[in-house]
There are 2 protein chains.
Amino acid sequence: MTDLTLEERLEEAVKTLKVRGVRMTPQRYAILSYLLETRSHPTADEIYKALADRFPSMSVATVYNNLKLLKEAGLVRELTFGDQASRFDGQMHDHYHVTCIVCGRIDDFEYPPMRFIEKEAERLTGYATAEHRMEVYGICPACRKAQEEAKQMAMVTAKAAGNEH
Amino acid sequence: MTDLTLEERLEEAVKTLKVRGVRMTPQRYAILSYLLETRSHPTADEIYKALADRFPSMSVATVYNNLKLLKEAGLVRELTFGDQASRFDGQMHDHYHVTCIVCGRIDDFEYPPMRFIEKEAERLTGYATAEHRMEVYGICPACRKAQEEAKQMAMVTAKAAGNEH
DNA sequence: GTTTTATTGATAATAATTATCATTATCGGA
DNA sequence: TCCGATAATGATAATTATTATCAATAAAAC
Ligand SMILES: [Mn+2]
Ligand SMILES: [Mn+2]
Ligand SMILES: [Zn+2]
Ligand SMILES: [Zn+2]
């Protein structure tokens, strides 16, 4: 329950990797710290591009390799949505996501894990359940505002056209 | 709330398509009826293979084209899981899924849609929410049984090895 | 420092899906 | 019933995300 700083979390993560016999490299460290500090749930390619100026020769394969390794070490998680590419999340505490169906933005929201639904599935299907995933879809505040303004604009235009008669 | 038969549901679906100006073809009809009757949540490729003996010359592109079209007409839905291919579901009533992390099997389970979680997301994030997705992960009855048996077998083997000393 | 071997980076391979386009078949109307 | 406009099919190329391969490089234990 202690609220660690970014530096403390990074230190922890490095320790975890060392215990696993994983060597630390500049590329690996950059990917890890990028994921620990960002809130944007980036794709592999976005991470690749974000680090391109600091590591101009880094291969995209290195990004994928490290994401897989970090995931296996329990330091990041992979979020898989419909069509596009996987997204990665360095915030490992239990939380849910809302995603904007207009701009693709993904935001966290904190809500206690709904274990009851796992129990319910267990009861109804005979599965031994272990976890669940849940995302909410909607329109983010920025896109809502944009839509409102577009609607206003359309109304004004329609009115002006009407007055021309 | 009326419980339509398979034939009635098919008839309905065909009508829906006609209204949309969509022509009926043997391939399309086969894909549609396959999805309406199965409970297995097949991939595009599985549908393709299942119909291969009846339509040996059907292109895989035709399967994809039709799945997209049926989805847009609201007659089937697409389920996207982690890595692998999309799965398709012809059961359009609200329901949730459990999937087996061992064999990949997907089963339905009926539970009233948890609208409260959409409201909660709305309150916490300012999104205008519209829907959510939720799946439970676990081990299906068949795989549980297989695991139990494997464990028994291992125990017996260990005991026999012990007796040899 | 030397040595071991995990890691990197370049690139090829794979897999799912979409795009292209010439040929074919549906279906409303003559 | 036949016709014509055009939607749909099937073959195949293209695209995209991801994984595999492997020689060169660089951690880090000694
Ligand atoms: Mn998150
Ligand atoms: Mn289902
Ligand atoms: Zn948005
Ligand atoms: Zn199973």
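Residue numbering restarts at 1 for every chain, and letters A, B, ... go by the order of the sequence lines. Here the structure is a predicted model, which means the values were calculated and not measured.
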Test side-chain contact (heavy atoms from CB on, under 4.5 Å), reference A:L51, set A:I31, A:V63, A:T62, output is A:I31
Rounded to the Å, how far apart are [X] [atom1] and [N] [atom2]?
X	N	atom1	atom2	value
B:L51	D:dG10	CG	P	11 Å
B:K68	C:dA16	NZ	P	18 Å
B:Y48	D:dT9	OH	C1'	13 Å
B:L67	D:dA8	CG	C1'	15 Å
B:R20	D:dA7	CZ	P	15 Å
B:I47	C:dA16	CD1	P	14 Å
A:F81	C:dT17	CZ	C1'	20 Å
B:L17	D:dA7	CG	P	15 Å

Scanning both residues in full, the closest heavy-atom pair of B:D89 with B:L35 reads N-CD2, 4.5 Å
**Asked** Ring centres of A:H132 and A:F116 under 6.0 Å apart?
**Response** no
query = Just checking, any donor-acceptor pair under 3.5 angstrom between side chains of A:D107 and A:H97?
reply = no
task: Kindly say if A:S86 contacts the phosphate of D:dT18, meaning a side-chain N or O under 4.0 Å from OP1 or OP2.
output: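 The answer is yes; a side-chain N or O of A:S86 sits under 4.0 Å from OP1 or OP2.
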(request) Output yes when at least one side-chain N/O atom of A:Y64 is less than 4.0 Å from OP1 or OP2 of D:dT19, else no. (result) no
Worksheet entry | Aromatic plane relationship, A:Y111 with A:F109 - under 30° parallel, 30 to 60° tilted, over 60° perpendicular |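 A:F109 vs A:Y111 ring planes: tilted.
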Quick tally for nucleotides 4-14 of chain C: nucleotides whose base has a protein heavy atom under 4.0 Å get B, sugar-phosphate-only ones S, the rest -, giving -BBSBBBB---
With a 3.5 Å distance limit and no angle check, can you tell me whether B:Q91 reaches the backbone of B:L36 through a side-chain donor-acceptor pair?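 Checking the backbone N and O of B:L36 against the side chain of B:Q91, a donor-acceptor pair under 3.5 Å is found.
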